[in-house]
Amino acid sequence: MKPKKLYIMKKLLMGFLSLLSYCLLGQLGNVGINTVTPGSTLEINGSLAAQYRLVSADYNMSITDYYVAYNGSSAGTITLPGAIAAYPVQGHIKGRVYYIKNTGNFNVTIAANGSELIDNQPGAAVSSIGLGQGWAAILISNGNAGAGVTWEAVVINPNNAINTIIGMSSSSTYSLPSTANFNSGIPQVLPFTVSEVQINQGSTASWDVANNRFVINETGVYELDALSYFGAGGTTGSSNYIGVNLGITKNGTAAANIIAGTRSNIGQLIAGAGNTPISFHCLVNLVAGDVIYLTIYRGSFDTATGTVQSQAPSGVSESRHFTLKKL
């Protein structure tokens with residue numbers, strides 16, 4: 001064989017072996033772009049570009065989306081795709097990542113598809129999450145399909161100074177005088193359940209479901225708002241009413257631990273025809289580790305012998321509302 005032909009065949013063989021080695025590396029090991037020593041399954045030594053989409057109306061995320069910005073002239077909804085199949089069946093979307101940001105002046109809702117849910121907080125998963133102005137979310141599919149948690153989310157609030165917990169609950173009845181502590185003026189905790197408490201991720205406070213209280217995670221000044229509707233089922237005394245206080249206690253439920261509150265006198269006749277609202281708004285300094293309770297306790301007038309009820313008035317879905325914000 002002539003030397004020239006031998007040289008060409010040798011080059012072809014070396015090229016084939018190099019290509020085979022690259023294919024094997026791509027199938028069985030790590031792949032590098034602009035690097036010969038990739039330390040991960042795919043390592044890119046350079047810039048990376050992905051799909052960028054700007055929308056101004058309701059939008060359904062697709063298989064080609066990666067980063068979507070919303071700047072609509074009104075509130076809108078971005079709907080996540082439904083999981084076609086559960087991992088590892090072909091067609092699953094486990095690991096798919098979406099970045100969504102609200103760049104407009106109106107809120108946008110990120111909604112899961114059908115009966116699927118988003119896990120973005122301690123407690124119950126949700127069917128949708130909201131993004132305020134300037135907020136962003138990272139969502140990743142966990143590979144599940146159908147009903148249940150399909151997406152996990154990280155919500156980013158650019159204004160780190162404000163963190164909010166919102167608690168809501170249905171009606172509750174307090175029987176008196178069997179609730180002896182109430183008659184003694186000892187604050188009674190108004191209960192919330194874990195499904196009724198909404199917590200922003202990265203919040204400066206958290207919900208302690210085992211002890212039915214809010215735990216402060218960061219020292220600072222907090223804004224507290226509370227609202228409740230009360231009705232009286234049976235009061236005694238010359239004035240035929242009971243004084244009920246709605247308050248916040250810190251680090252315990254003794255009367256001495258009350259840090260904010262307000263009072264309402266609930267009359268028998270008035271309460272029988274409707275509900276008496278009590279609300280308060282205050283600013284308090286709280287220290288990391290403090291625990292906060294929403295409480296009611298009896299005023300210094302007549303002692304009730306029947307019931308005091310906290311219930312929703314007509315047209316209002318919750319009877320108790322509480323918000324906590326770090327300023």
Side-chain angles (χ1 to χ4, degrees), residues 19 21-55 57-71 76-103 107-132 134-158 160 194-195 198-203 206:
L19 179 61
S21 175
Y22 178 82
C23 292
L24 290 174
L25 181 62
Q27 292 294 318
L28 302 177
N30 300 337
V31 175
I33 298 177
N34 285 340
T35 176
V36 295
T37 56
S40 299
T41 303
L42 174 62
E43 181 177 333
I44 301 174
N45 185 21
S47 59
L48 173 67
Q51 175 72 274
Y52 175 93
R53 190 184 304 277
L54 182 64
V55 299
D58 293 349
Y59 181 72
N60 294 324
M61 299 289 287
S62 71
I63 192 173
T64 61
D65 285 318
Y66 180 74
Y67 185 100
V68 171
Y70 179 85
N71 71 342
T77 299
I78 294 178
T79 303
L80 300 170
I84 300 173
Y87 177 84
V89 176
Q90 186 175 4
H92 72 85
I93 60 173
K94 181 180 182 180
R96 181 180 297 178
V97 178
Y98 288 132
Y99 292 83
I100 301 174
K101 184 176 181 180
N102 182 0
T103 60
N107 290 347
V108 61
T109 298
I110 301 176
N113 193 290
S115 60
E116 296 176 355
L117 297 173
I118 303 170
D119 182 14
N120 81 315
Q121 59 182 12
V126 293
S127 59
S128 65
I129 57 177
L131 298 183
W135 289 41
I138 304 171
L139 297 108
I140 182 168
S141 170
N142 61 15
N144 293 333
V149 176
T150 299
W151 297 91
E152 296 178 9
V154 176
V155 179
I156 302 171
N157 177 358
N160 293 325
V194 66
S195 61
Q198 302 173 18
I199 306 174
N200 287 346
Q201 281 196 335
S203 181
S206 56

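Quick caveat: nothing in here was measured; it's all calculated off a predicted structure. Heads up: numbering here begins at 1 and tracks the sequence.
- Residues Thr37 and Glu43 come closest through the heavy atom pair O-OE1, 3.9 Å.
- The structure places CD1 of Ile110 at 9.5 Å from OG of Ser128, a figure rounded to the nearest 0.5 Å.
- With ring centers used as reference points, Tyr99 lies under 6.0 Å from Tyr66.
- In terms of modelled atom types and a separation under 3.5 Å, the side chain of Ser40 and the main chain of Leu42 share no donor-acceptor contact.
- To the nearest 0.5 Å, the span separating CG on Leu139 from CD1 on Ile100 amounts to 5.5 Å.
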For residues 79-98, run the donor-acceptor check on the side chains, cut-off 3.5 Å, and write out each pair with its distance to 0.1 Å, sequence neighbours left out.
| from | atom 1 | to | atom 2 | distance (Å) |
| --- | --- | --- | --- | --- |
| His92 | ND1 | Lys94 | N | 3.1 |
| Arg96 | NH1 | Tyr98 | OH | 3.1 |
| Tyr98 | OH | Ser62 | O | 2.7 |

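- Heavy-atom minimum distance, Ile129 versus Ala137: CD1-CB, 4.4 Å.
- Shown here for Gly39 and Asn30, the closest heavy-atom pair between the two residues is C-ND2, 3.7 Å.
- Applying the salt bridge (charged side-chain N to carboxylate O under 4.0 Å, His left out) rule to pairs touching residues 44-53 yields Arg53-Asp65, sequence neighbours excluded.
- Here Trp151 contributes atom CH2 and Asp119 contributes atom CG; the two are 13.5 Å apart, rounded to the nearest 0.5 Å.
- With sequence neighbours excluded, the residues forming a side chain to side chain contact (heavy atoms under 4.5 Å, CB included) with Thr103 are Leu54, Ala69, Asn71, Lys101, listed by chain and number.
- Pairs passing the salt bridge (charged side-chain N to carboxylate O under 4.0 Å, His left out) check and including a residue from residues 136-148, sequence neighbours excluded, do not occur.
- The main-chain N or O of Ala112 is never found under 3.5 Å from a side-chain atom of Glu116 such that the two would form a donor-acceptor pair.
- Among residues at least two apart or in separate chains, there is no salt bridge (charged side-chain N to carboxylate O under 4.0 Å, His left out) pair with a member in residues 138-151.
- We find the CG-CG distance between Asn107 and Leu131 to be 8.5 Å, quoted to the nearest 0.5 Å.
- Put simply, OH on Tyr70 and CG on Asp58 are 6.5 Å apart, with the number rounded to the nearest 0.5 Å.
- Distance check: Glu152 CD to Ile138 CD1 gives 12.5 Å after rounding to the nearest 0.5 Å.
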